[in-house]
Amino acid sequence: MTDADPVRLYRTVRLIRRFEERAVELVHGGQIVGGIHPYLGQEGIAAGVCAALGADDVLAGTHRGHGHVLARGADPARMLAELCGRVTGLNAGRGGSMHAADFSLGVLGANAIVGASGAIITGAVWAHRRRGRDTVGVSFFGDGAVNEGMLLEAFNLAALWRVPVLFVCENNGYATTMPVAGAVAGSIAGRAAAFDIPAVQVDGQDPETVRVAAAAAVDRMRAGGGPELIEARTYRFDVHHTFEHAVRLDYRPPDEVTRGRARDPVRIQGERLSAVDRAAVDAEVEATLDEAVRFALASPQPDPADALAYLYASGMTARTGGG
Amino acid sequence: MPRLSYRRALTRALADELARDEGVFLLGEDVEVGASMVTTGLAKRFGSDRVRDTPLSEQAFTSFATGAALAGLRPVIEFQIPSLLFLVFEQIVNHAHKFPLMTGGQCAVPVTYLVPGSGSRTGWAGQHSDHPYSLFAHVGVVTVVPATPADAYGLLVTAIRHDDPVVVFAPAGAMDLREDVDDLTPVPLGRGRIHRFGDDVTVVAVGHLVHDALAVAEELAGQVSVEVFDPRTLYPFDIDGLTESVARTGRLVVIDDANRACGMAAEIIASVVERVRLLAPPRRVTRPDGAVLPFAPALDRAVQPSRDQLATAIHLTMKDET
Ligand SMILES: Cc1ncc(C[n+]2csc(CCOP(=O)(O)OP(=O)(O)O)c2C)c(N)n1
Ligand SMILES: [Mg+2]
């Protein structure tokens, strides 16, 4: 099932990179309100992990979640329409950047509560397997999440009940402005060790390295193994959130940023392609995103009369708030 | 006519739904042995894959249930203590409840949160005696508080079959009630029940307090004709049914075993006075503002709404006639 094609892996990181750059432009242009948490610099993790998954697998992401949704194969046009709050968006404009989901692809959503996705994915995988499927799951989270009790409880449940969940910690060195050293007692891998969850640290800037590690974990899990953890060391190239483009926060030394940005997953994977192949992918991605932007901006806005549509799956309706 | 206890009604509802639908499963602390004496015998009958003990990890198993529901199952979680709902309020409100809207209708989260023994348990003190149903009504999670064994059965069955999250409060004050029942059937959400008809005043009573209201109505029978309305479901609330009742009686008293400010009684009164011109100001009998149930039995009782307080409220509303 694993997709080892270097061209496809390059296309995924390139797509996420350019999607995010376009999205930042749309934030600055006012077409995306509320801003975004750009995934710039971390593309190799989503791309590498998702290349190791099969059709029945499920994942849940984070507030920095565009990459996970795109790497799983969601339509960039509907994804961008979601960020722009349009009815054609993946979530019909009800979710936005931090909640984008595509259940048809097993993407149970970006989740804006740090540390929340682990338990949800554990339950989903357990349920799918009880129904006879061979599903494995991925819970993506940041280094900040490893201090959330809810996530550690999920580690325990998954390990105890041997639910095959790949816990992927995207360690970009910071939770907003808080460096890992100031927040994590012990280590991230040590958290896993406490539950007898096998853990590896990988270079998250190399998409192929991530893919190989994820594929090995997925193979072991499909063969009957319990949960595993990958700590992918990465660096966020840009801001925590686009609000920082307006207010400069001083927490990352400039030389650290320069060093971090030097290890670029898009360049690293791109160098594995011929110049011709790379140019072809780049052109195709650009055309796809041109169309995505056109589609998103031409899509209708939702009708305020339907603001609480979808509130209840049962079809219940809520009282209105007016006089 | 077989006699059924409230507690056994809950057991029956769980057993019937586990038998009817393979997708239903039960999670909780000590549910296999049945420490609450609600899940008694279910693990033996359905296996520990369907009736599953969890470690003490309320936040994780609550969201685990959300995930299982997203994958098509119908989890039921039993909570040993009502206050544990505070611990998992985030998981229920921020995730289970919000997923359908936030995903634009891509999913459903049919989880039932069952709290056997909500409210005062006499002697269990501050951290075991809350009744936080108005919090769930406030956020818009379906909230039911059955008063009788038949309604406990019928509402729990309905909760499990419902496609959205439902919190079922089974008040400690009702758990040992028994009644003769012929026929156990699902009870629809959002449909109240008039236990006793009357002409002068409508008393809305929540959960076990329905029985106190009936006793007070009986006591006052020579002087005041009291109608007793049991909403059964606090959210959605049967405002049409209650409006019909109050439009006949013209007076309203609410008795609700939870804290006063922003409580259910306040919401019920506001919803009625938006629609009906009352003959006298409405009254409410509740726990005090900010109540923490003290340990000593006399103090515990002093904080809960009482029959005397209800009788007084009824008299006051009768005197207040304009
Ligand atoms: C439980 C919780 N606490 C706080 C926040 C606010 N918040 C959003 S993102 C973030 C930092 C998260 O850091 P990390 O997990 O390392 O992910 P990163 O942003 O670095 O990708 C914080 C504190 C939140 N969304 N959820
Ligand atoms: Mg981080």
Side-chain angles (χ1 to χ4, degrees), chain A residues 58 60 82 87 89-96 98-104 108-109 111-113 116-131 133 135 137 148-158 160-161 163 308-319 323, chain B residues 22-23 25 27 49-50 52 54-75 87-88 90-91 93-111 140-142 158 161-166 189-190 235-237 239 271 274:
Chain A
V58 293
E82 185 57 35
V87 282
L90 289 173
N91 307 28
R94 269 68 176 179
M98 287 192 280
H99 305 302
D102 189 339
F103 276 62
S104 71
L108 309 190
N111 198 315
I113 299 302
S117 77
I120 293 173
I121 278 294
T122 303
V125 172
W126 180 84
H128 279 303
R129 295 184 85 81
R130 233 198 68 186
R131 303 168 98 209
R133 302 205 183 98
T135 303
E148 294 284 359
M150 181 168 38
L151 182 67
L152 301 178
E153 287 185 18
F155 284 5
N156 187 57
L157 273 196
L160 189 73
W161 293 346
V163 185
L308 285 188
Y310 313 114
L311 177 58
Y312 296 109
S314 56
M316 241 169 64
T317 52
R319 273 192 298 180
Chain B
E22 271 288 314
F25 74 101
L27 277 179
D49 207 36
R50 310 267 322 272
R52 206 176 174 82
T54 58
L56 310 187
S57 309
E58 292 79 12
Q59 301 189 336
F61 67 66
T62 300
S63 275
F64 179 96
T66 300
L70 292 174
L73 299 185
R74 268 179 203 277
L87 203 58
V88 299
E90 198 279 324
Q91 286 71 22
V93 177
N94 240 349
H95 305 275
H97 171 61
K98 291 183 182 174
F99 259 62
L101 184 141
M102 290 197 308
T103 62
Q106 294 183 62
C107 63
V109 187
V111 183
V141 172
V142 174
T158 299
R161 296 181 192 177
H162 191 67
D163 281 338
D164 288 307
V166 182
L189 297 174
Y235 188 90
F237 190 90
I239 190 61
S271 297
E274 279 175 338

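Below, chain A is the first sequence line, B the second, and so on; all start at residue 1. Every heavy atom of this structure was used, including side-chain atoms; hydrogens, water molecules and symmetry mates were not. Predicted, not measured: the structure shown is a model, and the values here were computed from it.
Heavy atoms of B:Glu90 lying under 4.5 Å from chain A belong exclusively to its side chain. With a 4.5 angstrom heavy-atom cutoff, B:Ile239 does not touch chain A via any of its atoms. Neither the backbone nor the side chain of A:Leu151 has a heavy atom closer than 4.5 Å to any heavy atom of chain B. Neither the backbone nor the side chain of B:Thr62 has a heavy atom closer than 4.5 Å to any heavy atom of chain A.
Distance alone, capped at 3.5 Å, places no donor-acceptor pair between the A:Arg131 side chain and the B:Gly23 backbone. Counting only distance, with no hydrogens or angles, the side chain of B:Gln106 and the backbone of A:Leu90 share a donor-acceptor pair below 3.5 Å. Judged purely by atom type and a 3.5 angstrom limit, A:Tyr312 has no side-chain atom pairing as donor or acceptor with the backbone of B:Val141.
Remark: A:Asp102 CG to B:Thr103 OG1 distance equals 10.5 Å, nearest 0.5 Å. Of the inter-residue distances, the one linking A:Ser314 atom OG with B:Arg161 atom CZ reads 15.0 Å to the nearest 0.5 angstrom. The distance from atom OG of B:Ser63 to atom CD1 of A:Ile121, rounded to the nearest 0.5 Å, is 11.5 Å. For the atom pair CE of A:Met316 and CG of B:Asp164, the computed distance is 6.5 Å after rounding to the nearest 0.5 Å. Once rounded to the nearest 0.5 Å, the distance linking CZ of A:Arg130 with CG of B:Asp49 reads 5.5 Å. To the nearest 0.5 angstrom, A:Ile113 atom CD1 is 9.5 Å from B:Gln91 atom CD.
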Check the pair A:Glu148, B:Gln59 against side-chain contact (heavy atoms from CB on, under 4.5 Å), reporting the backbone distance first and the verdict last. CA-CA 11 Å; A:Glu148 294 284 359; B:Gln59 301 189 336; over 6 Å; no

Do B:Arg52 and A:Trp126 pass the side-chain contact (heavy atoms from CB on, under 4.5 Å) test, and can you show the C-alpha distance, the side-chain angles, and the key distance before you say yes or no? CA-CA 13 Å; B:Arg52 206 176 174 82; A:Trp126 180 84; 3.9 Å; yes

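Residues B:His95 and A:Ile120 are in side-chain contact: their nearest non-hydrogen atoms beyond the backbone lie under 4.5 Å apart. Residues B:Pro100 and A:Leu311 fail the side-chain proximity criterion, which asks for heavy atoms closer than 4.5 Å.
Ranked by heavy-atom pairs under 4.5 Å with chain A, the first of B:Pro55, B:Ala71, B:Cys107 is B:Ala71. Ranked by heavy-atom pairs under 4.5 Å with chain B, the list A:Gly96, A:Ala116, A:Ala101 is led by A:Ala101. Looking only at heavy-atom pairs under 4.5 Å with chain A, the residue among B:Leu70, B:Leu56, B:Thr66, B:Leu189 that has the most is B:Leu70. Counting heavy-atom pairs under 4.5 Å between each of A:Arg94, A:Arg133, A:Glu153, A:His128 and chain B puts A:Glu153 at the top.
Scanning all heavy atoms of the two residues, the minimum distance from B:Gly104 to A:Ala92 falls at CA-CB, 4.4 Å. B:Ala108 and A:Ala313 make their closest contact through CB-CB, 3.5 Å (heavy atoms, listed as atom of the first residue, atom of the second, distance). Shortest non-hydrogen contact noted between A:Ala309 and B:Leu101 is O-CD1, 3.6 Å.
Using bins of under 30°, 30° to 60° and over 60° for the plane-to-plane angle, the ring pair A:Phe103/B:Phe99 lands in the perpendicular bin.
Ring-centre distance between B:Phe61 and A:Trp161: not below the 6.0 Å cut-off.
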